[in-house]
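See structure below.
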Amino acid sequence: MKGTDNLASSINIPKFQEDLISWFEKEQRVLPWRENQDPYRVWVSEIMLQQTKVDTVIPYYLRFMEKFPTLEALAYAEEQDVLKAWEGLGYYSRARNLQTAVREVVEVYDAKVPDNPSEIGSLKGIGPYTQGAILSIAYNKPEPAVDGNVMRVLSRILLIREDIAKPKTRKLFEQAVRELISESNPSYFNQGMMELGALICTPRKPSCLLCPVQEHCVAFEKGVQEELPVKVKKIKKTTHSYFALILEDNAGNILIEKRPDEGLLAQLWQFPMIDKKKVDQQHLQTFIENKFETKIESMEVKEPVKHIFSHLVWQLDVIYVKLKQSIKVEENTTLVTKEGISTFPLPVSHQKIHKQIPDTE
DNA sequence: AAAGCGTGGCA
DNA sequence: TTGCCAAGCTT
């Protein structure tokens with residue numbers, strides 16, 4: 001045991017806990033996942049909230065809970081229905097991992113969410129943060145739940161200048177939380193830290209004059225709160241250009257294809273895309289006729305669509321193609337009516353393409 | 001350790 | 001417009 005009680009040695013810990021928790025009791029937002037401490041409801045909210053704003057999550061959470069009200073309802077649901085409910089929320093592996101994990105809880109833990117670190121932490125999609133969040137919020141266990149908010153808040157209060165982009169740094173903040181956390185109310189302590197980060201101790205222009213723990217904050221005392229946390233820059237994102245094809249056969253059906261099981265937008269459906277590096281617009285008609293073994297009646301250029309991801313960009317030239325004949329349906333592709341497309345989970349860029357399909361005459 | 005994985009809001 | 005940011009996890 002080394003470095004016991006050195007990170008937070010400048011803090012009056014009981015006073016800090018009291019200031020934080022009483023502020024949270026008074027100022028916390030009313031949110032659907034705060035109605036009770038049902039571990040399943042807490043769990044779903046924590047997964048949805050990963051890298052995602054509260055305002056974005058709320059409508060998804062309400063719909064999701066209506067559709068999958070219990071852990072078992074989610075476990076027995078069709079995966080495509082789960083992805084459809086997640087459509088537009090992003091990071092789709094969260095949805096697949098969540099369902100994998102609840103199925104394991106049904107089979108291995110008799111449908112009860114584990115209440116200890118090793119078992120809950122071994123579940124798919126539950127990492128160090130989510131593990132601590134569920135244990136503290138649903139089970140009131142004094143475990144650290146260190147997310148971006150907590151690292152920002154504590155980097156200021158304790159004047160920690162470690163680079164929060166480095167994986168190793170999270171452990172340092174977990175140690176700090178272990179020193180600071182309230183044993184009597186770890187749930188409100190952790191939620192209070194995150195709520196403080198969301199409402200007061202914001203990334204830019206923090207509202208220090210309203211802060212319930214201002215008197216404990218070293219960065220405020222020194223006037224350097226806006227310099228923290230330290231975070232290194234990330235690289236520029238590369239652009240990939242494609243033709244996105246709305247292929248309509250002679251019967252009015254549209255071809256869509258399922259993306260691979262892993263990787264970007266895994267298992268979502270999309271309109272066929274052709275890398276522009278492989279063919280220019282002059283040869284596009286012949287290319288399509290060869291690739292899909294069909295004949296083209298007419299082609300029309302629609303509005304281009306740009307799709308910005310966290311690490312890359314898609315530039316999509318949308319081409320509406322009417323065929324003289326039918327299309328060959330292969331593995332992982334299907335023909336659907338214009339209305340039927342909306343039942344498949346589509347990435348945001350392809351929802352926009354879907355809207356560009358002309359109405360039936 | 002570093003890279004891959006979505007999306008929307010905001011300065 | 002561009003880059004940054006948001007209740008991170010997996011490989």
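Heavy-atom basis, side chains included; hydrogens, waters and symmetry copies ignored.
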I need the [atom1]-[atom2] distance between [X] and [N], as an integer number of Å.
X: A:Ile47; N: C:dA6; atom1: CD1; atom2: P; answer: 19 Å
X: A:Met151; N: C:dG8; atom1: CE; atom2: C1'; answer: 9 Å
X: A:Ile126; N: C:dT11; atom1: CD1; atom2: C1'; answer: 18 Å
X: A:Lys171; N: C:dC9; atom1: NZ; atom2: C1'; answer: 13 Å
X: A:Glu262; N: C:dC9; atom1: CD; atom2: P; answer: 19 Å

- Message: Any donor-acceptor pair, under 3.5 Å, between the side chain of A:Thr52 and the base of B:dG6, if you only look at N and O atoms?
- Response: yes

- Of residues 127-145 of chain A, the positions that come close to DNA chain C - non-hydrogen atoms, cut-off under 4.0 Å: A:Gly127, A:Pro128, A:Tyr129, A:Thr130

- Message: I'd like to check the side-chain hydrogen bond (donor to acceptor under 3.5 Å, both in side chains) partners of A:Thr294; sequence neighbours left out, ordered by chain and number.
- Response: none

- Message: Could you check whether A:Asp249 and A:Ser326, counting side-chain N and O atoms only, form a donor-acceptor pair closer than 3.5 Å?
- Response: no

- Query: Taking atom types as modelled and ignoring hydrogens, do the side chains of A:Gln50 and A:Tyr129 form a donor-acceptor contact shorter than 3.5 angstrom?
  - Reply: no

Rounding to an integer number of angstrom, what distance separates [N] and [M] when you compare their [atom1] atoms?
N: C:dC4; M: B:dA3; atom1: P; answer: 15 Å
N: B:dG8; M: C:dC9; atom1: P; answer: 22 Å
N: B:dC5; M: C:dA6; atom1: P; answer: 22 Å

- According to the interplanar angle, ranging from 0 to 90°, do the rings of A:Phe24 and A:Tyr188 count as parallel (below 30°), tilted (30 to 60°) or perpendicular (above 60°)? perpendicular

